[in-house]
Amino acid sequence: MEIIGIDVGFGFTKAYNGQNSVIFKSLIGDAAEIQFMSSMGDVASTANLHITLDNKTYFLGSHAERQSSLTEYTLDQEKMVEEFIKILALAAAGTCSQTHGPINVVTGLPVAYLKRDTKRLKQIIQGEHEIIYHHQDAPDEHRKLSIDKVHVIPQPIGSIFNLIFDDNGKICDRDFAASKLGVVDIGFKTTDFSIFDHLQYIERGSSTMDTGVSKCFSVIADKLRQESGVNIELYKIFKFIESGVIKIRGKEYNVISLKKRVYTHAASAIASDLNRLWKNDWDIDSIVVSGGGSIPLAEFLIPSVEGNVIPIPKSIDARFNNVQGYCKFGHYKWGKDKTIPSRQAAAPKEEPSTREEAPSSEETDKAGKGLAWLRRQNA
C-alpha cells in the first residue's frame, strides 16, 4: 500500500509520496498532433504531460500551455470539482506513484467547501482507473491506478502536519502540536484562515476568503491590456512576475512598481480579514503563513499581522507545504509498509515504526486526542 498526498489547486497541482514530488499548472488542453518534438529543453517528468483517461486525450500543465490550441483553467470551485479534479489528481498520482498496488490518498479542500465537497471528491478519486501516459521517445505507458482510501482534511492543516510530523508519520514536535495555532494559507484564488487548538479544528476562527494572488495577477493583466491591447491569460503571468518585466510583441513592459502596489493592497486585505476574524483568539501561540501565494506576499503581509508569525523559510518551496503534510498525515493514519511493489527495483529499507511514541504530558495527550478525531473523520 502506497500513500500519496495530492493537492489540486487553482494554480498548480501537486503530489508527493515521501520520495517523489510532482507539480504542474492546473491547466488542461486539447491533444494536438505534433509533427516534431525536440529532445532539448525541460526534462521534468511533467514537461510533456500527455495522457488518455476515460477515452479522452489531454495535454496538461506547461505542455498544454505550449502546444494546445484550446486550453482551460478555472477559478470556479464547482467546475474544479466536476470537470478538473479527476483528470489532474489521477495524472499527478500516476506520475508520482511507485507501485502497481493499492494507493491511499490524503487530500484537502478549502475550509468553506469542506462540508459540501468532501463526499463528491472521494467518489471522484476512489476506485479503479485506467490511464495512459504518452511519452515522447518511449512506448505508451498503460497504468491501472487503484485508489483504495481517500481522506479529505481542511487544506491549511497540511502545513501544520508538515511541521509536526516526520516522514514516517511520527510527531517530532510535541510542543508545537500542543499549541494553539493559526494558519494563513494563501493560494492562487483563495486564502484560508484556520485555527487548531491541540490539533482540534476550531470552526469559529476558520474561513475562506476570495483574496489570492490571482486578484493581483488580474490587476496586472488589465494594466498590460490597456497599454498593449493584448489580453494575457492569468496562468501566463507566472513566467515573468518575479522579474516584473514582460515582452509583448517585442516591446518591454515594466510592472515592478505596479506589482509592489497590488501586493501591498492584497496583503493589507488579508491582514484585515485575519485580525477581524481572530479578534477574540488573542491566545494563539503562533501563526503559520503558508501556500504558494505566501511566496510573493509574505514580506508585505507579515508586518501587518498581530501575533507571532512563522513564515515558511525561503529555502522551502511553500507550494509543497500542504501536500507534504498530507502525505505525512497519511503515514500517521495508515502506517507505512516495509515493502511496496514498485515499478522500479529498489533496495529494501528498514521498516520504520508506525506507532506514536507514548505521550509525555497532559498537553500532548490533548494533541493526541485532536489527531484521533481527525483520523476517524471521513475514514
Side-chain angles (χ1 to χ4, degrees), residues 9-14 23-30 32 34-44 46-49 59-75 186-191 210-271 289 291-304 311-320:
F10 291 101
F12 289 87
T13 295
K14 291 82 65 179
I23 184 168
F24 56 91
K25 288 182 180 178
S26 297
L27 188 65
I28 299 175
D30 62 314
I34 301 174
Q35 302 299 320
F36 172 76
M37 290 287 289
S38 171
S39 59
M40 298 179 290
D42 193 351
V43 296
T46 56
N48 299 300
L49 199 49
F59 287 170
L60 303 179
S62 59
H63 197 40
E65 184 177 353
R66 288 191 301 263
Q67 301 286 7
S68 295
S69 300
L70 299 173
T71 55
E72 284 190 90
Y73 76 101
T74 186
L75 296 178
I186 308 171
F188 187 63
K189 181 198 172 186
T190 61
T191 294
D210 253 352
T211 310
V213 293
S214 63
K215 280 196 172 181
C216 301
F217 288 5
S218 292
V219 174
I220 294 170
D222 187 57
K223 181 66 173 177
L224 289 169
R225 180 190 57 79
Q226 293 174 26
E227 294 187 9
S228 69
V230 175
N231 285 314
I232 300 176
E233 296 88 345
L234 297 186
Y235 60 83
K236 290 186 176 180
I237 293 182
F238 285 108
K239 289 182 180 180
F240 68 86
I241 196 65
E242 186 173 352
S243 68
V245 178
I246 182 174
K247 275 189 177 182
I248 302 176
R249 294 177 177 154
K251 181 179 178 181
E252 279 195 354
Y253 294 85
N254 189 313
V255 295
I256 292 175
S257 60
L258 174 61
K259 180 179 72 170
K260 184 175 181 180
R261 291 199 304 273
V262 296
Y263 281 179
T264 300
H265 183 269
S268 177
I270 291 170
V289 177
S294 71
I295 299 171
L297 292 183
E299 64 175 294
F300 304 97
L301 174 66
I302 291 174
S304 303
I312 301 302
K314 291 184 178 180
S315 59
I316 295 175
D317 190 337
R319 297 175 300 179
F320 282 101

J.: Drop me the distance from Phe59's CZ to Leu27's CG, to the nearest 0.5 angstrom.
T.: 12.0 Å
J.: Mind checking what makes side chain to side chain contact (heavy atoms under 4.5 Å, CB included) contact with Lys189, not counting sequence neighbours?
T.: Phe10, Leu75, Tyr113, Asp210, Ser214
J.: So how far is it from Ile23 CD1 to Phe320 CZ, rounded to the nearest 0.5 Å?
T.: 4.5 Å
J.: Do Ile295 and Arg319 have side chains that approach each other closer than 4.5 Å (heavy atoms only, starting at C-beta)?
T.: yes
J.: Looking at every heavy atom in both Pro296 and Val213, which two are closest together, and how far apart are they?
T.: CG-CG1, 4.1 Å
J.: Test your reading of the model: is there a side-chain donor-acceptor pair from Ser294 to the backbone of Ile186, 3.5 Å cut-off?
T.: no
J.: So, Lys223 side chain and Leu258 main chain: donor-acceptor pair closer than 3.5 Å or not?
T.: no
J.: Can you list the residues that meet the side chain to side chain contact (heavy atoms under 4.5 Å, CB included) rule with Glu242, with sequence neighbours excluded?
T.: none
J.: Do the side chains of Tyr263 and Ile241 get nearer than 4.5 Å, heavy atoms only?
T.: yes
J.: Quick one: CG on Leu234 to CZ on Phe188, what's the gap to the nearest 0.5 Å?
T.: 5.0 Å
J.: To the nearest 0.5 Å, tell me how far Thr191 OG1 sits from Leu297 CG.
T.: 7.5 Å
J.: May I ask you to decide if Ala266's main-chain N or O and Lys215's side chain share a donor-acceptor pair within less than 3.5 Å?
T.: no
J.: If every non-hydrogen atom of Gly29 is compared with every non-hydrogen atom of Ala64, which pair is closest and at what distance?
T.: N-CB, 3.7 Å
J.: Hey, does the side chain of Ser268 reach the backbone of Thr264 with a donor-acceptor pair shorter than 3.5 angstrom?
T.: no
J.: Taking the side chain as C-beta and beyond, is there a heavy-atom pair between Ile28 and Leu60 under 4.5 Å?
T.: yes
J.: Grab the two heavy atoms, one from Glu65 and one from Lys236, that are nearest each other, plus how far apart they are.
T.: OE2-CG, 3.5 Å
J.: Output, in order, the C-alpha distance, side-chain angles, deciding distance and verdict of side-chain contact (heavy atoms from CB on, under 4.5 Å) for Ile270 and Phe300.
T.: CA-CA 10 Å; Ile270 291 170; Phe300 304 97; over 6 Å; no
J.: Tell me if the centroids of the rings in Phe238 and Phe217 come within less than 6.0 Å of each other.
T.: yes
J.: Looking at CD of Glu252 and CZ of Phe240, how far apart are the two atoms once the value is rounded to the nearest 0.5 Å?
T.: 12.0 Å
J.: Looking at Asp30, is its backbone amide N or carbonyl O close enough to the side chain of Ser68 to form a donor-acceptor pair, meaning the two atoms are under 3.5 Å apart?
T.: yes
J.: Please give me the minimum heavy-atom distance between Val262 and Cys216, naming the atom from each residue.
T.: O-SG, 3.9 Å
J.: Could you measure the distance from the OG1 atom of Thr211 to the NE2 atom of His265? Nearest 0.5 Å is fine.
T.: 9.5 Å
J.: For Lys251 and Glu227, what are the C-alpha separation, side-chain angles and deciding distance, and is it a salt bridge (Lys or Arg N to Asp or Glu O under 4.0 Å)?
T.: CA-CA 11 Å; Lys251 181 179 178 181; Glu227 294 187 9; over 6 Å; no
J.: Between Leu224 and Ile237, does the side-chain contact (heavy atoms from CB on, under 4.5 Å) criterion hold? Intermediate values first, please.
T.: CA-CA 11 Å; Leu224 289 169; Ile237 293 182; 5.6 Å; no
